[in-house]
2 protein chains.
Amino acid sequence: MAKMGRPREFDRDTAVEQAMHLFWERGYEATSLTELKASIAGGISAPSLYAAFGSKRGLYDESVALYLATHGQVMECLWDQTLSPREAIETALRRSARMQVERGHPRGCMVALGVMADCPPGNDNTRTPIRAARARNRAGILACVKRGIATGDFSAVVDARATATALDSFLLGMSTLARDGATLAVLDAAITQALRVLGA
Amino acid sequence: MAKMGRPREFDRDTAVEQAMHLFWERGYEATSLTELKASIAGGISAPSLYAAFGSKRGLYDESVALYLATHGQVMECLWDQTLSPREAIETALRRSARMQVERGHPRGCMVALGVMADCPPGNDNTRTPIRAARARNRAGILACVKRGIATGDFSAVVDARATATALDSFLLGMSTLARDGATLAVLDAAITQALRVLGA
DNA sequence: CAACATATGTACCGATTGGTATAGATATTA
DNA sequence: TAATATCTATACCAATCGGTACATATGTTG
């Protein structure tokens, strides 16, 4: 049996994608319901939005989930055991850089930029999906570094945690560079240099 | 002749410092007049705040100027020609890291975190003091790298721009790490590794 | 067909936003 | 002292915030 009732006149998935772009661009608090309503299918009404998503927070949560399931997947190669540790890290950095400056969506990484733009008001910002994603990426980098030490690939690395933190910091900073207008060529060249922390 | 009229009952400099802490912690838009009023000298009235600063934006501008004149000065060693290029960069990174996690003010760097938290609404965010400070730090790092290549200190560096960008990205990322709870020990150890992009 | 379920449009809600009008309080200057 | 300049307190403003009541439109199911 198909779903009953009057069908909604806008595509729900497209609406979440549009909302994601706005939240990604401006952050949670800075994005108003008015902007969200206006951006969806050429403008929808408040009751339509609330019937579909429950609240601004609900739409935000779905937007974050969509981001993590799509653009955020560029970091998943960190967990790919078929890649060498160096390949995994380099691929993650280059795929993230490319994603961060490609056309069709805001620049930078929503997970990194979420440091200031996440934080739904009056809430503990200590355990949001955005923060969890940063923690996961952090753990992935550290795991790769440790794996590289174990395999002997990173013979020059003396402090796994410190090296992983350096790479993590570099990764997080790329979002600010992207927002400041850095080109993919500049980011890619920087990645090449940053990888030297793993040894020649 | 001293200034006439009824003297204000709160210290103006202290008020700007308090406002700076709020803007630094939450960003421009997310910080409300109510919070600002309440935080100054145990609570002041709206007319008092407007008589002293003109507008929320005026208070923000003074807060940013105060930050750049105080905490932001940790980066000025990048322009100190009496330091070797390596010393200048390492000092800037370590001083910034220490500042970012020290007690008494929000964690992270207001200049770096300003990517999302700056941007007064309906304004071009392309030429704010915060963005200008990022550009200045960027130029300072690049100048140090170029100087190190010229002096022969960085004989292993093949691409000044790319190496400087890598260090810039690392620096910017530290603010997110600081917000995520990184300790000074972790940041300092990461700096030691990041500096390897300049060669052993 | 009737009954039901869902979405939409209009109109509205209380709370909060940044900001101000006005009057009174408190200082310096003449 | 009187005049003037500045700050403070109370009260208020229009605009916007996120969110909702209610009637109506439009679909499926029996």
Side-chain angles (χ1 to χ4, degrees), chain A residues 1-16 18-20 22-23 25-64 117-123 125 128, chain B residues 1-16 18-20 22-23 25-64 117-123 125 128:
Chain A
M1 49 178 142
K3 49 188 170 185
M4 295 196 305
R6 177 175 176 174
R8 74 164 49 88
E9 298 178 358
F10 62 92
D11 184 72
R12 200 178 188 282
D13 293 340
T14 305
V16 175
Q18 272 294 337
M20 178 191 73
L22 282 177
F23 286 129
E25 175 74 42
R26 323 238 290 107
Y28 177 77
E29 286 186 302
T31 304
S32 71
L33 260 305
T34 305
E35 290 173 297
L36 291 165
K37 281 154 44 187
S39 76
I40 296 175
I44 66 170
S45 67
S48 293
L49 194 153
Y50 277 80
F53 304 107
S55 67
K56 179 187 181 183
R57 177 66 191 277
L59 178 53
Y60 177 73
D61 289 342
E62 289 198 42
S63 299
V64 170
D118 199 23
C119 184
N123 200 331
N125 57 352
T128 69
Chain B
M1 49 179 141
K3 50 189 171 184
M4 296 197 303
R6 176 174 175 176
R8 73 165 49 89
E9 297 178 0
F10 61 91
D11 184 72
R12 200 177 187 284
D13 294 340
T14 304
V16 175
Q18 273 294 336
M20 177 190 74
L22 282 177
F23 286 129
E25 175 74 42
R26 323 237 288 107
Y28 177 77
E29 286 186 303
T31 304
S32 71
L33 261 305
T34 305
E35 291 173 295
L36 290 165
K37 281 155 44 188
S39 75
I40 295 176
I44 67 171
S45 67
S48 293
L49 193 152
Y50 277 81
F53 304 106
S55 67
K56 180 187 181 182
R57 177 66 190 277
L59 179 53
Y60 177 73
D61 289 343
E62 289 199 39
S63 300
V64 170
D118 198 23
C119 185
N123 200 331
N125 57 352
T128 69

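Naming: A, B, ... by sequence-line order, numbering from 1 per chain.
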query = Among pairs that include at least one residue of residues 34-44 of chain B, which meet salt bridge (charged side-chain N to carboxylate O under 4.0 Å, His left out), considering only residues two or more places apart or in two chains?
reply = Arg26(B)-Glu35(B)
Rounded to whole angstrom units, what separation is found between the [atom1] atom of [X] and the [atom2] atom of [N]?
X	N	atom1	atom2	answer
Leu49(A)	dG19(D)	CG	P	10 Å
Leu36(B)	dT16(C)	CG	P	16 Å
Phe53(B)	dG18(C)	CZ	P	15 Å
Ile40(B)	dC7(D)	CD1	P	14 Å
Tyr50(B)	dC7(D)	OH	C1'	17 Å
Lys3(A)	dT29(D)	NZ	C1'	16 Å
Arg6(B)	dT26(C)	CZ	P	6 Å

note = Residues at least two apart in sequence or cross-chain that pass side-chain hydrogen bond (donor to acceptor under 3.5 Å, both in side chains) with Ser55(B), listed by chain then number, are none
Grab the N/O contacts between the protein and nucleotides 1-4 of chain C below 3.5 Å, and write none if there aren't any.
none

Sub-4.5 Å side-chain heavy-atom contact between Tyr60(A) and Asp118(A) = yes
query = Would a 4.5 Å heavy-atom cut-off, applied to side chains only, mark Phe53(B) and Leu49(B) as touching?
reply = yes
In Å, rounded to the nearest 0.5 Å, how long is the span from [atom1] of [X] to [atom2] of [Y]?
X	Y	atom1	atom2	value
Thr14(A)	Met20(A)	OG1	CE	11.0 Å
Ile40(B)	Phe10(B)	CD1	CZ	6.0 Å
Arg12(A)	Leu59(A)	CZ	CG	8.5 Å
Ser63(A)	Lys56(A)	OG	NZ	11.0 Å

query = At under 4.0 Å, does any side-chain N or O of Ser48(B) touch on OP1 or OP2 of dT8(D)?
reply = yes
ask   = Can you name the side chain to side chain contact (heavy atoms under 4.5 Å, CB included) partners of Ser39(B), sequence neighbours left out?
value = Gln18(B), Leu22(B)
inquiry  = Could you report the tightest heavy-atom contact between Gly27(B) and Ala117(B), atom names first, then the distance?
reply    = CA-CB, 3.4 Å
ask   = Do NZ/NE/NH1/NH2 and the carboxylate oxygens of Glu62(B) and Arg57(B) come within less than 4.0 Å?
value = no
Interface polar pairs with nucleotides 13-17 of chain D, N/O, under 3.5 angstrom:
from    : atom 1 : to       : atom 2 : distance (Å)
dC17(D) : OP1    : Ser32(A) : OG     : 3.4
dC17(D) : OP2    : Thr34(A) : OG1    : 2.9

inquiry  = Near DNA chain D, counting only heavy atoms under 4.0 Å, which residues of residues 7-16 of chain B show up?
reply    = Pro7(B), Arg8(B), Glu9(B), Phe10(B)
